[in-house]
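Residue numbers begin at 1 in each chain, while the letters A, B, ... track the order of the sequences. Because the structure is predicted, anything quoted here is derived from the model rather than measured. Worth knowing before you read on, the calculation uses all heavy atoms, side chains too, and leaves out hydrogens, waters and symmetry mates.
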Protein chains: 2
Amino acid sequence: MRSNITMKDIADKVGVSSVTVSKALNDKEGVSDSLKLKIKKIAGEMGYRYNSAAKSIKEGLSYNIGVMIPQRFTGMNDSFYLRVYQQISLHLEHYGYFGILNVLSNEDEEQLSFPRVYNENKVDGIIILGQVSKEYINIVQTMNLPKLFLDFYDEHAEIDSIIQDNFYGAYELTNYLIAMGHREIAYVGNIYSTSSIQDRFLGYYKSLLEHGLAFQERLLLNDRDERGRYIEIKLPEKMPTAFVCNCDQVAYNVYERLTELGYQIPSDCSVVGFDNDIYATLVSPHLTTVEVDIDQMARTAVKFIMEKIANPSRRNGRVLVQGKIIYRDSVQRLEASN
Amino acid sequence: MRSNITMKDIADKVGVSSVTVSKALNDKEGVSDSLKLKIKKIAGEMGYRYNSAAKSIKEGLSYNIGVMIPQRFTGMNDSFYLRVYQQISLHLEHYGYFGILNVLSNEDEEQLSFPRVYNENKVDGIIILGQVSKEYINIVQTMNLPKLFLDFYDEHAEIDSIIQDNFYGAYELTNYLIAMGHREIAYVGNIYSTSSIQDRFLGYYKSLLEHGLAFQERLLLNDRDERGRYIEIKLPEKMPTAFVCNCDQVAYNVYERLTELGYQIPSDCSVVGFDNDIYATLVSPHLTTVEVDIDQMARTAVKFIMEKIANPSRRNGRVLVQGKIIYRDSVQRLEASN
DNA sequence: CTGAAAGCGCTTACAG
DNA sequence: CTGAAAGCGCTTACAG
């Protein structure tokens with residue numbers, strides 16, 4: 001137990017009641033300005049610090065938001081989720097809130113235990129980052145608390161979620177290639193592997209459709225096996241002029257493959273990626289790609305969860321956050337030829 | 001205000017007092033086993049959740065630890081600090097604690113404001129991740145709370161700190177090269193640039209000394225200018241057989257330079273790095289390097305801060321956490337020739 | 001084995 | 001403009 005200075009201590013020193021101290025420190029009505037000033041001064045001198053637990057107990061609000069990351073995503077080198085969490089905690093500041101990180105252990109997920117932040121009433125809302133099992137989603141839904149999925153959605157669940165717009169990003173990127181004069185455009189990725197690879201493929205597909213370009217099976221190139229391990233990419237006989245890669249790391253692989261075979265980028269082939277991660281600038285020339293707007297995702301998540309705390313019946317549904325294209329030097333404008 | 005179920009509600013339902021409910025739920029003495037069971041059952045059915053704010057106010061403990069990261073380290077792609085934070089929050093679990101991330105804004109650091117987690121009494125201790133200004137260190141020292149520096153120390157400050165053992169890591173790595181038969185070993189790094197580059201250099205130096213190898217000025221190769229931008233590495237006339245690079249990214253650069261000049265790794269030159277980050281496996285052959293033991297750092301930090309909460313006068317001083325060498329294929333055993 | 005009383009630090013009516 | 005009283009949810013003595 002810390003020996004803390006309380007409002008009572010200040011009150012005794014100043015010679016007023018603790019009610020008056022409370023009003024003064026909170027800039028409330030009903031205290032003369034001179035007394036207010038005096039109280040604040042003494043409080044400062046005594047090193048007074050507000051006890052937020054007392055406030056919590058009165059208001060029933062903890063002023064904390066729990067951010068849950070399943071343990072599975074914890075060992076990854078790519079710390080996308082951690083960067084999102086960081087942004088979330090930044091945005092929570094504006095609301096006087098703090099973020100509590102709660103790694104959801106594999107056991108808790110399997111045994112369908114509530115997260116500890118929930119059981120102990122530590123938070124006023126929970127943001128879940130990354131995919132949890134179907135069964136666990138059901139548990140999440142029974143939690144009597146505002147909640148939100150981030151970067152993940154479930155088709156059946158009614159929980160609000162915020163996800164990146166994979167479809168639109170790939171669509172825009174392909175539009176760009178077409179605007180640059182490309183007509184023979186390959187897509188690189190195993191479209192049965194993850195939903196984001198699939199959604200990105202569909203964006204690519206839509207762009208082709210809209211521009212009256214037929215989708216050619218031979219230009220859909222596989223990049224990984226069923227277990228997600230990268231395989232050697234087989235290039236088609238008749239080479240396309242551009243490659244839409246499902247992520248930057250695969251673009252990196254495509255660079256290597258093309259270079260091996262003596263193709264120059266972008267003069268022989270243009271290449272675009274997705275994610276704007278470290279691989280995008282590891283290659284030469286640097287890669288044109290799509291960047292997820294982490295800040296926007298975090299900002300939206302915080303805004304939504306705050307709205308739900310104020311009004312628990314509020315629904316936002318599934319919200320897409322658009323990324324933005326980062327233009328670099330991996331795409332070449334083709335001569336007008338058709 | 002949430003309409004929560006309280007112990008009183010359970011007490012009313014069961015027909016006992018809330019004192020008895022409290023004892024039963026906390027497995028304390030003085031309640032018959034049958035009653036205890038009944039209370040727990042009803043509590044479960046009613047969806048009771050413990051109110052930790054009430055506990056906090058009684059005990060004067062928040063059961064939260066604040067982790068502060070200066071905003072400057074926030075934009076970095078490498079999320080070393082975030083990974084440390086994640087491990088910290090994992091280890092806090094064992095103690096029934098949670099981690100609150102508090103990004104220290106540049107303004108707060110300049111204006112020497114206390115962190116918000118401190119002002120609002122949100123935490124029982126603070127771990128500071130990454131370097132803050134000298135002036136801010138003084139502010140930190142006036143905080144009436146257990147505190148700890150992680151991955152950073154100040155020569156004058158009396159605050160406990162946990163840092164990675166750069167010196168020993170480079171020492172071990174150089175020992176390994178010597179054991180593999182190398183005698184002409186270069187160090188790559190601007191030793192006036194950062195303290196970690198310097199400490200690593202000194203570990204390399206000590207290893208040479210211990211093995212009776214003279215340090216040769218010509219084998220100290222610069223890798224960056226005063227502003228920290230990488231420069232082209234000038235190789236010495238007479239080539240060494242091995243390169244100790246101050247970090248993996250520089251090792252990556254060394255690979256490129258050597259390959260350009262037609263040297264094969266490791267048959268012509270061996271190369272080792274430091275950090276075991278993404279660059280270590282981006283090169284071929286993969287790099288032998290030193291990995292910081294993030295888990296050990298986090299574990300130690302949590303242990304220390306818990307000890308200080310229990311006993312505020314406790315001191316641990318400056319503690320070094322050793323990394324471990326990750327052996328890969330960038331080092332070649334040399335024929336016994338001397 | 002069970003519970004009435006007091007208190008943790010603060011705030012919200014309400015009375016003066 | 002100021003303060004006594006009550007209460008937020010829980011726990012800690014202490015009495016029975």
Consider the side chain of [X], meaning its heavy atoms from C-beta on, and name the nucleotide among [options] that approaches it most closely.
X: B/Y50; options: C/dG9, C/dT2, D/dC10; answer: D/dC10
X: B/M7; options: C/dC10, D/dG9, D/dT11; answer: D/dT11
X: A/V19; options: C/dC10, D/dC10, C/dA13; answer: C/dA13
X: B/I57; options: C/dT11, D/dG9, D/dT2; answer: D/dG9

Whole Å only: how far is the [atom1] atom of [X] from the [atom2] atom of [N]?
X: B/I5; N: D/dC8; atom1: CD1; atom2: C1'; result: 16 Å
X: B/L61; N: C/dG9; atom1: CG; atom2: P; result: 12 Å
X: B/E29; N: D/dT11; atom1: CD; atom2: C1'; result: 16 Å
X: B/K58; N: C/dA5; atom1: NZ; atom2: C1'; result: 11 Å
X: B/K8; N: C/dG3; atom1: NZ; atom2: P; result: 11 Å
X: B/I39; N: D/dT11; atom1: CD1; atom2: P; result: 13 Å
X: A/E59; N: D/dG9; atom1: CD; atom2: P; result: 13 Å
X: B/I10; N: C/dG3; atom1: CD1; atom2: P; result: 14 Å

Salt-bridge criterion met for [X] and [Y] (N-O under 4.0 Å):
X: B/R299; Y: B/D295; result: yes
X: B/D108; Y: B/R116; result: no
X: A/D160; Y: A/K308; result: yes

Pairing partner of C/dA13, by Watson-Crick or G-U wobble and under 3.5 Å for both distances, is none
By the Watson-Crick or G-U definition, both distances under 3.5 Å, D/dA4 is matched with none
Are B/Y85 and A/Y85 close enough, and set up right, to give a ring-ring contact (aromatic ring centres under 6.0 Å, His included), and what steps lead you there?
-> CA-CA 11 Å; B/Y85 171 67; A/Y85 171 67; 5.7 Å; yes
Side-chain N or O of [X] closer than 4.0 Å to phosphate OP1/OP2 of [N]:
X: B/S32; N: C/dT2; answer: yes
X: A/Y48; N: C/dG9; answer: no
X: A/S22; N: C/dT11; answer: yes
X: A/N26; N: C/dT11; answer: yes

| So, does B/N311 use its side chain to make a donor-acceptor pair with the main chain of B/E307 at under 3.5 Å? | no
Heavy atoms only, 4.0 Å cut-off, all strands: where does B/K23 land among base, sugar-phosphate and nothing? base
Ranking A/K55 and B/S17 by the position along DNA chain C of their nearest nucleotide, the one closer to 5' is B/S17
